[in-house]
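Just below is one structure, and these are the notes that go with it.
Residue numbering restarts at 1 for every chain, and letters A, B, ... go by the order of the sequence lines.
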Number of protein chains: 2
Amino acid sequence: MNKFLSLKEEKQVTIINAALGCFGKYGYAKASVNDIAVLAGISKASVFQYFGSKKQLYAYLLTYAGDIIMSSFRQADFDEKTDLFDRILLSSLTEAKTLEKNPYISQFILSAWTETSDEVRDILTEFKNETGKFRNHLILRKDDVSKFKNPNDAETVLQILMLMAEGYAAHCRNDEKTMYSSLTDDFQKMIAAMRRNFYKEEYLL
Amino acid sequence: MNKFLSLKEEKQVTIINAALGCFGKYGYAKASVNDIAVLAGISKASVFQYFGSKKQLYAYLLTYAGDIIMSSFRQADFDEKTDLFDRILLSSLTEAKTLEKNPYISQFILSAWTETSDEVRDILTEFKNETGKFRNHLILRKDDVSKFKNPNDAETVLQILMLMAEGYAAHCRNDEKTMYSSLTDDFQKMIAAMRRNFYKEEYLL
DNA sequence: AGTCTCTTGACCGAATCGGTTATTTGTGCT
DNA sequence: AGCACAAATAACCGATTCGGTCAAGAGACT
């Protein structure tokens, strides 16, 4: 296990991304160690040399991805931003920035939540307990509602925003070549347009 | 091949859904005939009895899914509906209705568009040519733009709507138990709120 | 040259792959 | 009941791939 950590970082990243991509795309059972090795450009034997077994590799990826996600959420504290649109924007931006650095993490974590293989059930339940609490940052607050021209729109807008975020993530996952930066620009423009049209005049800027 | 068509329809649906689900989830190479047979509750030998080979089964599913998608789009002619929001709403509703009847089709078709296996490359290019033309129903028209309070918002709103549709589809795919009808209600509500806030007063209702 | 670390091609038995065949099972007919 | 026929499958095929091992090679340093 410590064999892997003494590799040069660039190689580590290549291997990790290959593994995240394979597990994320196929799930634990269908992703073979050979797939990962070929995609990473190394031999299958090396993978076992670095991680010991397929399950140990998967466990390593779980803690690796979990740490990145959790720390990225921790550094942006959502309590500071009081406005609904600011919160969703900040949330999306941090998620996009994290995704840009390591594009295979979201796919991997998404698949981990629906993973059913018996062989990794134990380590998955542990993982889910640790990371499950990080989903509470988008609740609608009382002081958000009053800013809307029509307060009934508040909840609807929140649904729109969450759908957009989901579609945004799906979009990023499918088109590998799209630039994240330009996409986030567009996303910011959409958020701005929504705020401009839904909020009362007095709350604009 | 005609062996399969003489089965009782319920059994056909079970088998088709199992196959669509497996191919959609794993892709052609990683989805095994045994997976499909087990999921459908029949023996692997029967699958070969019905379809001849794995590739023939995949080809059958392609035409099956293609026919359903295309006919569902044909029956709702988008040229009639001249308003942008009406068009996106109608498009989403027909898609949702089709998806409700056969929940595994969208996943399957989505995976077919990113399928890379050599063994089915020939039939896939054929399929893509046939169905590719059915994606043109969401272009922004000149008479749409003038209805906006701020015409510059038109393109932004279109992006929002497409992101929503993508997130909507992703959402339906992940949560199998969510009711489509209630979700489409919410979706309708979101569309209505968008129109109400972005359009000039004169174009409301 | 020697030695030490890292990497890998070749290999292992077991499992699974797509596909076939022979046997069982179910069903209608008399 | 017994028979005949069709539908479904258990058992099997050779080939490939699985997770995992190991000894031989490729460099780097002394």
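- A:Tyr58 has its ring centre no less than 6.0 Å from the ring centre of A:Phe127.
- At most 12 non-hydrogen atoms from other residues, nucleotides or ligands lie less than 6.0 angstrom from NZ of A:Lys25.
- Residue B:Lys189 places its NZ atom among 12 or fewer non-hydrogen atoms of other residues, nucleotides or ligands, all under 6.0 Å distant.
- A:Ser32 comes within 4.0 angstrom of the backbone, heavy atoms only, and of no base.
- Within 4.0 Å of A:Ala31, counting heavy atoms only, lie sugar-phosphate atoms of the nucleic acid but no base atom.
- The nearest whole Å value for the distance from the NZ atom in A:Lys54 to the P atom in D:dT17 is 15 Å.
- B:Lys55 comes within contact range of no nucleotide atom at all, as no heavy-atom separation falls under 4.0 Å.
- Where B:Ser46 and A:Val33 each meet DNA chain D at their nearest nucleotide, the meeting point lying more 5' is that of B:Ser46.
- A cation-pi arrangement is found for B:Lys54 relative to B:Tyr28, the charged atom lying closer than 6.0 Å to the ring centre and inside a 45° cone about the ring normal.
- Atom NZ of B:Lys8 is separated from atom P of D:dA7 by 14 Å (rounded to the nearest Å).
- For the pair B:Lys11 and D:dA8, the criterion of a side-chain N or O lying under 4.0 Å from OP1 or OP2 is met.
- Under a cut-off of 6.0 angstrom, the local environment of NZ in A:Lys55 is crowded, with over 12 non-hydrogen atoms contributed by other residues, nucleotides or ligands.
- A:Tyr26 and B:Tyr26 have their aromatic ring centers separated by at least 6.0 angstrom.
- Checking D:dT21, D:dA8, D:dG20 against every side-chain atom of B:Leu7, the shortest atom distance belongs to D:dA8.
- In this structure, the OH atom of B:Tyr50 is 15 Å from the P atom of D:dA6, given to the nearest Å.
- Extent of DNA chain C lying under 4.0 Å from chain A heavy atoms, first and last nucleotide in 5' to 3' order, is C:dT7 to C:dG9.
- You'll find a donor-acceptor pair under 3.5 Å spanning the side chain of A:Lys44 and the base of D:dG19, going by distance alone.
- Per the geometry, CD belonging to A:Gln49 stands 14 Å off P belonging to D:dA23, to the nearest Å.
- Ring to ring, A:Phe4 and A:Tyr60 are close: their centroids are under 6.0 angstrom apart.
- In this entry the distance linking OH of A:Tyr26 with P of D:dT17 reads 14 Å, nearest Å.
- You'll find that the side chain of A:Ala45 is closest to D:dT21, out of D:dT21, D:dA10, D:dC18.
- Going from atom CZ of B:Phe48 over to atom C1' of D:dA10 covers 15 Å, rounded to whole Å.
- As rounded to whole Å, 12 Å separates atom P of D:dT9 from atom CG of B:Asn34.
- The interatomic distance linking B:Ile15 (CD1) with D:dA8 (C1') rounds to 11 Å, in whole Å.
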